Participant: 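Got a structure here, written out as structure tokens. Questions coming.
Naming: A, B, ... by sequence-line order, numbering from 1 per chain. Owing to the predicted nature of the structure, the values given are computational and were not obtained by experimental measurement.
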Amino acid sequence: MPVYDPRALEAKWQEYWERHKTFSAEDKSSKPKLYVLDMFPYPSGEGLHVGHPEGYSATDMYCRFQRMRGYNVLHPMGYDAFGLPAEQYAIETGTHPQVTTERNIANIRRQIKQLGFSYDWDREFATTDPDYVRWTQWIFLLLFDTWFDSEFEWVDPAGRKRKGKGRPISELPIPQSIRSQGEAALRLYQDSFRLAYQAESPVNWCPALGTVLADEEVIDGRSERGNHPVQRIPLRQWMLRITVYADRLLEDLDILDWPEPIKEMQRNWVGRSEGAEVDFFIGESASFDSWISSRKKSGFPEEPGPEAIRVYTTRPDTLFGATYMVLAPEHPQVDRLTTDEHRAEVDDYRQRVARTSEEDRIAGRGEKSGMFTGGYATNPVNGERIPVWIADYVLISYGTGAIMAVPGHDQRDLEFARKFRIPVRAVVAPAAEWLERMQPGLNVETYARVIAELPEAFAGDGLGMQSSNAEVSLDGIPTTQAKGRITSWLLKSGIGRGAVKYKLRDWLFSRQRYWGEPIPILHELDPDGKPSGLTRAVGLDELPVLLPEMEDFKPTGRPDGPLGKATEWIRVRRDGRDFARETNTMPQWAGSCWYYLRFCDPRNEKEPWSPEKERYWMPVDLYVGGAEHAVLHLLYSRFWHKVLFDRGYVSTMEPFQKLVNQGMILSVTYRTSEGRIVPYRQIRFEEGKAFHAETDEELAGETEKMSKSRGNVIPVDVPIERYGSDTTRLYEMFMGPLESTKPWSMQGVEGISRFLNRAWRMIVDESADALQLNPKVVKGADPTEEQNRVLHKTIKAVTQDMETLSFNTAISRLMEFVNYFTGQDSRPLSCMNSFVLMLAPMAPHICEELWQILGHSESLTYESWPVFDPKYVEESTVELPVQINGKVRGRITVPANAGQEDVKQAALADSKVQRYIEGASIRKVIVVPRKLVNIVVG
RNA sequence: GCGAAAGUGGCGGAAUUGGCAGACGCGCUGGACUUAGGAUCCAGUCCCGCAAGGGGUGGGGGUUCAACUCCCCCCUUUCGCACCA
């Protein structure tokens, strides 16, 4: 009985494809290229659940479709295999992360292969492969060898004029003053410009665990494991200077075919803002005038000097309303400003802030806290002395770490000023509606008097007021112009200038971990074994720097990470000097930052990739993955890509031309009436309801994100075992649009399985003993007109749907096709051929088998995609609804090419229509050709 | 709080430019075949109503001959960011 048997047939074809290397991509071809990439998986111990292959299914269908349309397709797969879980497992069990990783990869490879995806498996690699690590480290050294010349002007491949480019460090101009200080000074100077540089940055240090924790491992200032206290301590770390690429990252979003929300998230993440920097004098008030006049002569200096504090503001037009100033608690000038009588409380406050974690600080954000330093600054626009405070609502890492506070026009400043009874001044007049909304009857005159009592600060645009000195006045001037006017006055006076700031921070690239790529840097040691502060890159010929073999992955108790224990590995001697290896490793992002490039040329031993292959394959034409990577992975990759572009290693400005985010797949969590989670194994499904297998209690189901803790994870093996891979793949897509979040339903899978069985029976004779064509499939028979119409309409619709990744509707169309042809007693072979080709990208195994049964000997992978003939799609007559006042009242059948007047007459003549228009006067008749007729009566 | 996306039958969802709301599938109901059905086939299934008819795409308003679709206000859900001066 040749019934549809997915298990046997899927294994057969997977073996066939593997043996014939059916999907290997040609690096040279006369065909147009298409590079389709999935975000590669982290090989976790749990393996894949049904959510993972959603994107993979979509890209695979698209690739198979485009192969049939004549494209040379690159579709690779690999593993993002460094990362914390394997290391954590090693700490707990002593199993080397390498072992765990290999085991997990083997499992995930098995799962992926089971689904019959058309990857070019000859290009497979893991980021942990020494061969790959070598080139990841090579790129790090390229970053180390690059500085950003913000003045460099060039023309991009699109012909646009651009400013700012990464250049070799050897081309960095060295000021004579540095050169004269000798070799060490020169090297330190260069180091301060490199895209990879070292800096002190706070880490979450947990003394009890003796290790550094990631932000997500810290909860309420305590470790997630063990609930031990965590403190923020500064540590020397490697940083990547992504901020210098902020404008490039922003501007080039325009050329990308990405979902607008993702672009928007990236823009917000970069967070560009325009404003001004202003210096506030903090010296003796008697010398303010001389400071002002000296500034007038010198102009605005690069550094504010010890006599001033520099603030950044987006609202320089409100300078006259600054009634106090706030420094971040970590600001270097705090000590100098603090008077003796305030020192104790200020120090205490600073320590308290240092102890609170980032998360706690954000959590306690509602209530403002701060401390007066006792010091004063002078507002340069009006010579007013204003108190200087410190407060944790000012961040040291943004802007200049200091603000001028304008409580009249900034909500945060207003809250702070209220709490500490600092005066509030109105310097921007709001529109009348705003005033009315704040307090009925309020006008601009009274506004200035009651401003401190209003529920909100007015932060919008308005007209300047109470804002003038002897040289400049903003009174009556709209905000936008006022900003310009005051900024040019500040510049002329040497106390300020226009400035651009970003929320984006430099990328903290160090991890105090074992299971990551070692950072290939050597620290020079002086004769008594202490670091001299000078570094050098590991020679390119020495790459890769591999991890030392270790048996004990337990924390060292020191913040420098597990590699600190590998004392032999650390010590190296080069050119007669002693060096210590860097013991920090790279973050997991590193490997995934450039894997798409390695796929172009994965076995190259001499270079990361060959320039010809890069030029042939790049950019990635379609990149599919989860929206959880909307910001970081995609931003980091783009950054690396731009550096590689600037240094001439890649030919495109952007790596991923088109991006699609697949939606999350949800699952149903079942709970008892007491809210206890019931795992799937203990549930009996009956009549569409769920019952506890033991207690028979009916369970309430709720659609939620799949997670281990909810016990609702559906491993991908479950549907594959029960229904086969084709059904699983098809259902992944049939659930709904690729981009939307949608719930997995085992019953829904059943429906797809039925469809494939019907398709099988449409072509195969199940009652025969041998595998043979259904007798209703007729060779050489010409399709009837109706059959042709159904076939060609299906081809047209499915083709369109495949192009736009609308697989859910493509599947619906094919279902309709099967429903129709199952009812046909003569099924022309040609129609069946076309059907199998159309279904093949989505359900390749069953289609290869059907293709064979239909009499073909080769794989259908490279068969031509069916083309529809417009003459069959056109119908000779059309049925039009006739509406009376917008309601459908009748139907008429007219020739498809009937003229408007004929259609109108036919509609008016229709007997049902007549009933409604009898006695009424016809105001208007609207005929929409091939759509409908609407008769307006009144 | 800010930003974005989305609200359509019992459920997943479909619907070029505004033009027959509910394709396709699940579930459900009835029937056929059958020792049996969780196989298969046939019919039905937005709501109210026996019917004629009426109502209906989160709610309210508007534009239009015509609104799921466009405009305004509101509600709900999801996601992202979160003291960024």
Side-chain angles (χ1 to χ4, degrees), chain A residues 3 259-265 267-269 271-273 275 311-315 318 326 361-362 364-366 368 391-395 397-406 409-413 415-416 459 501-505 627-628 630-631 661 663-664 666 685-689 703 705 731 734-737 739-752 754-755 757-758 761 766 797 800 806 808-816 818-819 822-823 879-889 891 923-938:
Chain A
V3 295
E260 200 49 48
I262 301 291
K263 288 190 186 183
E264 203 47 40
M265 280 164 72
R267 286 191 196 105
N268 290 341
W269 194 262
R272 185 191 148 98
S273 77
V311 304
Y312 171 71
T313 176
T314 54
R315 293 295 301 270
T318 61
V326 188
R361 202 177 55 72
I362 289 164
R365 159 169 62 106
K368 292 279 177 294
D392 67 351
Y393 82 97
V394 172
L395 310 174
S397 51
Y398 182 76
T400 59
I403 63 159
M404 62 175 208
V406 185
H409 303 285
D410 182 286
Q411 189 60 32
R412 296 154 300 183
D413 295 346
E415 286 165 19
F416 191 86
K501 300 284 177 197
Y502 304 90
K503 284 199 247 177
L504 182 68
R505 309 291 153 81
E628 65 272 22
V631 179
N661 289 117
M664 209 187 328
L666 306 176
F685 292 96
E686 241 167 55
E687 291 171 358
K689 289 172 183 156
T703 304
K705 214 162 136 172
Y731 182 67
F734 187 66
M735 272 183 283
E739 295 90 338
S740 11
T741 300
K742 39 206 178 280
W744 181 275
S745 144
M746 272 303 176
Q747 283 172 334
V749 190
E750 188 88 36
I752 290 290
R754 287 207 272 265
F755 161 63
N757 272 292
R758 280 161 65 82
R761 288 195 303 272
E766 269 198 330
Q800 244 169 40
S806 307
N808 54 330
T809 46
I811 295 164
S812 295
R813 296 295 191 164
L814 293 169
M815 286 173 168
E816 287 176 288
V818 170
N819 289 346
T822 299
E879 194 192 58
L880 299 184
V882 181
Q883 300 181 332
I884 313 286
N885 288 346
K887 289 199 164 35
V888 180
R889 297 299 187 189
R891 295 179 178 279
R923 292 250 181 96
K924 202 169 173 186
V925 178
I926 291 138
V927 177
V928 184
R930 315 182 58 88
K931 287 288 183 195
L932 53 55
V933 181
N934 192 7
I935 301 168
V936 186
V937 298

Participant: Taking all heavy atoms of A:P881 and all of A:R891, pick out the closest pair and write down the distance.
Facilitator: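 So the minimum-distance heavy-atom pair works out to CB-NH1, 4.1 Å.
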
Participant: Can you tell me if A:R930 touches the phosphate of B:G19, counting only side-chain N or O atoms and a distance under 4.0 Å to OP1 or OP2?
Facilitator: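 No, outside the criterion.
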
Participant: If you define the side chain from C-beta out and look only at heavy atoms, does anything of A:I403 sit under 4.5 Å from A:D413?
Facilitator: yes

Participant: So, does the side chain of A:R813 form a donor-acceptor pair with the base of B:C24 at under 3.5 Å?
Facilitator: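 Absent.
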
Participant: Whole angstrom is fine here: how far is it from CZ in A:R315 over to C1' in B:A85?
Facilitator: 11 Å

Participant: In whole angstrom, what separates A:L395's CG from B:A85's P?
Facilitator: 10 Å

Participant: Give me the atom names and distance for the closest heavy-atom approach of A:T318 to A:M404.
Facilitator: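 The answer is OG1-CE, 3.6 Å.
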
Participant: Taking any heavy-atom pair under 4.0 Å as a contact, classify A:R758: base, sugar-phosphate, or nothing.
Facilitator: sugar-phosphate

Participant: Restricting to pairs with a member in residues 740-749 of chain A, which pass salt bridge (Lys or Arg N to Asp or Glu O under 4.0 Å), not counting sequence neighbours?
Facilitator: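 Counting only pairs at least two positions apart or across chains, the salt bridge (Lys or Arg N to Asp or Glu O under 4.0 Å) contacts touching residues 740-749 of chain A are A:E54-A:K742.
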
Participant: Report each atom pair, protein N/O against N/O of nucleotides 60-65 of chain B, whose distance is under 3.5 angstrom.
Facilitator:
residue : atom : partner : partner atom : Å
B:C65   : O2'  : A:N934  : ND2          : 3.2
B:C65   : O2   : A:N934  : ND2          : 2.7

Participant: Measure from CD on A:Q411 to P on B:C83 and round the result to the nearest Å.
Facilitator: 15 Å

Participant: Which atoms form the tightest heavy-atom contact between A:G748 and A:Y731, and what is the distance?
Facilitator: C-CE1, 3.5 Å

Participant: Please check: side-chain N/O of A:N934 versus main-chain N/O of A:I926, any donor-acceptor pairing under 3.5 Å?
Facilitator: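 A pair under 3.5 Å: no.
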
Participant: With heavy-atom distances below 4.5 Å as the criterion, would you say the side chains of A:Q411 and A:E415 are in contact?
Facilitator: yes

Participant: Can you check whether A:V936 reaches A:N885 side chain to side chain, under 4.5 Å on heavy atoms?
Facilitator: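 A:V936 reaches A:N885 side chain to side chain.
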
Participant: Suppose you measure atom C1' in B:G19 against the same atom in B:A32; what distance do you get, rounded to whole Å?
Facilitator: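 Those two atoms are separated by 41 Å.
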
Participant: Taking the C1' atom of each, how far is B:G38 from B:G59, in whole Å?
Facilitator: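 It comes out at 43 Å once rounded to the nearest Å.
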
Participant: If we take the C1' atom in both B:C71 and B:C20, what is their distance in whole Å?
Facilitator: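 So the two C1' atoms sit 25 Å from each other.
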
Participant: Using a cut-off of under 3.5 Å, enumerate the N/O to N/O pairs linking the protein to nucleotides 5-14 of chain B.
Facilitator:
residue : atom : partner : partner atom : Å
B:G12   : O2'  : A:M735  : O            : 2.6
B:A14   : OP1  : A:N808  : ND2          : 3.0

Participant: Using atom P of each nucleotide, how far apart are B:U57 and B:U69 to the nearest Å?
Facilitator: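 Rounded to whole Å, the distance is 9 Å.
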
Participant: Give me the atom names and distance for the closest heavy-atom approach of A:A405 to A:V326.
Facilitator: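 Scanning both residues completely, I find the closest heavy atoms to be CB-CG2, 4.4 Å.
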
Participant: Under the side chain to side chain donor-acceptor pair (under 3.5 Å) test, which residues partner A:R758, sequence neighbours left out?
Facilitator: A:N819

Participant: Between the base of B:C20 and the side chain of A:K931, is there a donor-acceptor distance below 3.5 Å?
Facilitator: no

Participant: Please report the distance separating the P of B:U17 from the corresponding atom of B:U29, rounded so that it comes out in whole Å.
Facilitator: 40 Å

Participant: Using the C1' atom on both, measure B:C46 against B:C42 and round to a whole Å.
Facilitator: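 About 23 Å, rounded to a whole number of Å.
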
Participant: Once pairs are restricted to Watson-Crick or G-U wobble with both distances under 3.5 Å, how does RNA chain B read as a dot-bracket string, [ ] for crossings and | for other-strand pairs?
Facilitator: (((((((..(((......[....)))((((((.......))))))(((....)))..(((((..]....))))))))))))....

Participant: Name the pairs: protein N/O against N/O of nucleotides 53-55 of chain B, kept only if under 3.5 Å.
Facilitator:
residue : atom : partner : partner atom : Å
B:G54   : OP2  : A:R889  : NH1          : 3.4

Participant: A:N819 has a side chain; which of B:G25, B:C81, B:A85 sits nearest to it?
Facilitator: B:G25

Participant: Quick one: A:E750 CD to B:G37 P, roughly how many Å, whole number?
Facilitator: 17 Å

Participant: Would you kindly compare A:E879 and A:M404 by the position of their nearest RNA chain B nucleotide and give the one closer to the 5′ end?
Facilitator: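 The residue mapped nearer the 5' terminus is A:E879.
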
Participant: Taking syn as any angle within 90 degrees of 0 and anti as the rest, which one fits B:G44?
Facilitator: anti

Participant: Return no unless some side-chain N or O of A:R754 is found under 4.0 Å from OP1 or OP2 of B:A39.
Facilitator: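 Affirmative; the distance criterion is met.
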
Participant: Could you pick out which residue, A:G271 or A:I752, lies toward the 5' side of RNA chain B when each is mapped onto its nearest nucleotide?
Facilitator: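 The answer here is A:I752.
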
Participant: Quick one: do A:M815 and A:I752 satisfy side-chain contact (heavy atoms from CB on, under 4.5 Å)? Show the steps, please.
Facilitator: CA-CA 9 Å; A:M815 286 173 168; A:I752 290 290; 3.8 Å; yes

Participant: So A:T314 and A:K501, do their side chains get closer than 4.5 Å, heavy atoms only?
Facilitator: no

Participant: When the C1' atoms of B:A66 and B:C33 are considered, how many whole Å apart are they?
Facilitator: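 It comes out at 49 Å once rounded to the nearest Å.
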
Participant: Say you pick atom P in B:A39 and the same atom in B:G30; how far apart are they, in whole Å?
Facilitator: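 My reading of the P atoms in B:A39 and B:G30 gives 16 Å.
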
Participant: For the CZ atom on A:R923, are there more than 12 heavy atoms of other groups (residues, nucleotides or ligands in this structure) within a distance under 6.0 Å?
Facilitator: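 Not buried by this count: 12 neighbours or fewer within 6.0 Å.
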
